[in-house]
Amino acid sequence: MAVSGAAAPAQLPDAGVLAEVALSADEYRLAVRRLERAPSEVELGVIGALWSEHCGYKTSKPLLGRLPTRGPGVLQGPGENAGAVDIGEGLAVVFKIESHNHPSAIEPYQGAATGVGGILRDVFTMGARPVALLDSLRFGPHDEPRQRWLCDGVVAGIGGYGNCIGVPTVGGEIYFDDSYRHNCLVNAMCVGVIEHSRLTRASAAGPGNPVLLVGADTGRDGIHGATFASVELDESSEERRPAVQVGNPFLEKCLMEACLELAGDPRVVAVQDLGAAGLASSTAELAHRGGCGIEVDVAQVSRRERGMTAYEVMLSESQERMLLVVQAGAEDAVRAVFDRWDLHSDIVGRITDTARLVVRDGDAVVCDLPLEMLIDEVPLRHPASRPPAATPALLAHDPLAERPPWPAGEALLRLLGSPNIGSRRPIFRRYDHQVGDDTVIAPGADAALLRIKETSLALALTTDGNARYGVLDPRRGAAIAVAEAARNLSALGAEPVAVTNCLNFGNPEKPEVFWQLQQAVEGMSEACEALGTPVVSGNVSLYNDTTGVSIDPTPVIGMVGRLEDARRHVRAALAAPGDSVALVGPIAAELGGSEYQRLAHAVNAGPRPELDLGLEARVQALVRAAVAAGLLHSAHDCAEGGLAVALAESAILGGLGCRLELAEAEASGPPSQGAGILFGESQSRFVISYSGESALQLAQLAQEHRVPFRVLGTVGGDRIVIGQIVDVSLADARTAYDDALTGPATATVGHG
């Protein structure tokens, strides 16, 4: 089939043209060899988008096969719009996390809002009704006006889109560090629930079946968004503002309800979200999954701007759009559903048996490409790999040799007042976390908990990551992120069931960055295997660099857990005067990579925390068993800030003080021994509280699970007292904690 506009094969396009589509000269030459001709303008745009890192995973794909993706409850693993896991009673949980980092760095409100819109579509495309949103955010230092402006815009975008569409934002995390000054990270997670029989796939079938484009009109926003996400940021990145999409949550609400009405309808063969690379990727992926071909006519696409070319229509990333394959003859009935929701539903093409993507603009063929070339033959990259030269020196540093700059009580208050530890209420109060009336535990706890209507079941949800560990040891850091996410769910009493991940890294063409990525995938794989949490979906966000400076390796874990009885859970808050307080797990002094080390000494060095995955699994199993047996009044995992901060947070949340004895904190040793025990971030630990009647059974459970168990003291009073070294009032602790993100009045700045 002759393609209109195909160029002469000998001519290499201008470097600016190749840069716009994120193709190297070698990749262009490879495309020419495979086609045996030069690609047309539209074909070049399609190839660039499908071969981009964002769509083609050409650097990460060789690594991702290491992740465990199967398990007894997995109904759908990676490769679809989202993953799906059985949770009993004929129901499945559908979930995924994705990044919208580059757009948010340029236009924080729309970047974050459209990130939420995209992840919502990934879930309801599968036929599942979204029941919850979570996020994971990273910015530069909190005291810098531009970082506050970015944070404020991102939070407003997340809240604005989620609140309008009626899906609660129930949890998340936020972290501030120099590493993200020029590359903020905005990761959004969506969770939905569906009956097994209504689960919908994005796999085309039936040559001759019509293809419908439904939802919003197509505009010029977001063109080259996929390629924009696959290159470094630099001084010219502000000029890429047109690559940032614009969202309309009210239209997406209509689109969601229309798609959910059709979920499980046999007349609907397949549904595919239009995300990165718009029609280019959605048509190719939809057809290729089903072993089919597809032909579309861009002249049939409803547009909101005049004079749009076929190139622009195919690569537009306008939001709130879906592609449906329907049974021939059922077009009118399916379109009637979208008509009732005042949505366009254009018949733009048909399924073929050619295994090719053919694009027409009226009578002219502007693109004719083999799908195998676009999907299976993405040119994979195998960059050089080596650890950063500075790593041995960092690991050799001894944090316990540094004399603490403050008394332990002052250090505790400083940690509680850190933007990386203190209350997130100024953020989550801007989100609607109660819409739908299913939220049992709202933001601010170890994890969110949502009841599932008409059942006794509940879902526990969390996101977690810690790049400081990843700098010291990306393999251990990624494993710790998985373990901490699972601890957050276990703290409520929920059993972790599966993982989604977002791998945020710098430029993988740098050997040090590629090594970090390799190591992180290995660590994640080991932890998921050990904890029985398969990876069912995810996203890779690379090239988080600005003018050659990479972010710290930041793998983010989204995890879902299952609770058999929604009523049988515990919270982190101390609950009753006279209760005993105990530590489940080891006592150690490990300050490397800790928030205390960052605040006290402004470094990130020394050995990262040890992690025994066998012990981790046993500690979590003990806590879940204790919750199920009704033995605990509270449980809280030890994370940033260590043991002392976990104790103080439980006290603040419960409005009750505690008096504890911790002989090890006063033992002789290096100057920072006490600080290490109080504020070191050793893994596999929970702070629990319980009544005296439960003491014997808990001791027996600890023995059965072969887990360290140490009684620390009792609940009561209005002070937090630890031996002879910490004595702070609960009121002072609460003030420090509550003011962590408020501080001086938030400044606003313009772009630049």
Side-chain angles (χ1 to χ4, degrees), residues 49 52-55 57 81-82 95-123 130 133-139 150-162 164-165 167 169 172-175 180 182-190 221-233 237-238 240-249 252 273-278 281 316-321 427 431 463 465 500-505 537-546 551 554-556 558:
S52 71
E53 185 65 48
H54 194 74
C55 292
Y57 292 83
N81 286 292
F95 61 104
K96 188 179 183 182
I97 190 169
E98 279 203 344
S99 62
H100 231 219
N101 300 337
H102 281 24
S104 299
I106 301 301
E107 176 50 64
Y109 184 95
Q110 290 296 347
T114 52
V116 171
I119 199 65
L120 281 161
R121 290 194 300 279
D122 281 335
V123 168
L133 290 163
L134 300 90
D135 53 58
S136 177
L137 312 176
R138 300 288 189 280
F139 301 98
L150 283 169
C151 179
D152 185 69
V154 165
V155 170
I158 292 170
Y161 206 102
C164 288
I165 204 168
V167 178
T169 301
E173 57 156 8
I174 188 168
Y175 194 83
Y180 310 105
H182 303 295
N183 279 267
C184 63
L185 301 185
V186 177
N187 296 177
M189 176 177 170
C190 183
D221 51 320
I223 293 173
H224 296 137
T227 53
F228 176 45
S230 304
V231 295
E232 294 185 7
L233 297 178
S237 294
E238 284 284 341
R240 303 296 295 270
R241 192 171 297 275
V244 179
Q245 308 92 329
V246 178
N248 182 341
E252 177 130 335
D273 164 42
L274 268 74
S281 65
S316 167
E317 293 184 10
S318 292
Q319 298 292 284
E320 293 89 34
R321 299 183 300 162
I427 292 175
Y431 302 152
T463 56
T500 182
N501 60 47
C502 197
L503 304 180
N504 305 277
F505 286 78
S537 61
N539 174 241
V540 178
S541 174
L542 305 181
Y543 294 94
N544 289 291
D545 280 55
T546 298
I551 63 165
T554 312
V556 171

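Start at 1 with the first residue, then count along the sequence.
Proximity of V155 to Y431: side-chain heavy atoms (C-beta onward) are separated by under 4.5 Å at one or more points. At a threshold of 4.5 Å between non-hydrogen side-chain atoms, the residues T114 and H100 count as touching. For the pair N101/I551, no side-chain contact is recorded, criterion being any heavy-atom separation below 4.5 Å from C-beta on.
Considering all non-hydrogen atoms of both residues, G160 and P249 come closest at O-CG, 4.5 Å. For the pair S104 and V154, the tightest heavy-atom approach, listed with the atom from each and the gap, is CB-CG2, 4.3 Å. K96 and T500 get closest at one heavy-atom pair: CA-OG1, 3.6 Å. Of all heavy-atom pairs spanning P130 and L120, the tightest one is CB-CD2, 3.7 Å.
Atom CD in E173 sits 8.5 Å away from atom CG in N187 (nearest 0.5 Å). The CZ atom of F95 lies 11.5 Å from the CG atom of L134; values are rounded to the nearest 0.5 Å. Here the CD1-OH distance, from I158 to Y109, works out to 10.5 Å after rounding to the nearest 0.5 Å. Atom-to-atom distance recorded for S537:OG and I119:CD1 is 7.5 Å, nearest 0.5 angstrom. In this structure, CD on E320 lies 10.0 Å from CG on D273, to the nearest 0.5 angstrom. Interatomic distance, CD of Q319 versus CD of E252, reported as 7.5 Å (0.5 Å rounding).
A donor-acceptor pair under 3.5 Å is absent between the side-chain atoms of E98 and the main chain of A188, judged by distance alone. For the pair N504 (side chain) and C502 (backbone), a donor-acceptor distance under 3.5 Å is present. At distances below 3.5 Å, at least one donor-acceptor pair connects side-chain atoms of T463 with backbone N or O atoms of D135. Of the possible donor and acceptor atoms, none in the side chain of E317 sits under 3.5 Å from a partner among the backbone N and O of I223. Judged by distance alone, with hydrogens and angles left aside, the side-chain atoms of T546 form a donor-acceptor pair with the main-chain N or O of H182 at under 3.5 Å. Judged by distance alone, with hydrogens and angles left aside, the side-chain atoms of H102 form a donor-acceptor pair with the main-chain N or O of Y543 at under 3.5 Å.
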>> Y180 vs T554, test: side chain to side chain contact (heavy atoms under 4.5 Å, CB included). Steps then yes/no.
In response: CA-CA 10 Å; Y180 310 105; T554 312; 2.7 Å; yes
> How far apart are the C-alpha atoms of F139 and I174, what are their side-chain angles, what is the distance that settles it, and do they pass the side chain to side chain contact (heavy atoms under 4.5 Å, CB included) test?
Replying inline: CA-CA 8 Å; F139 301 98; I174 188 168; 3.9 Å; yes
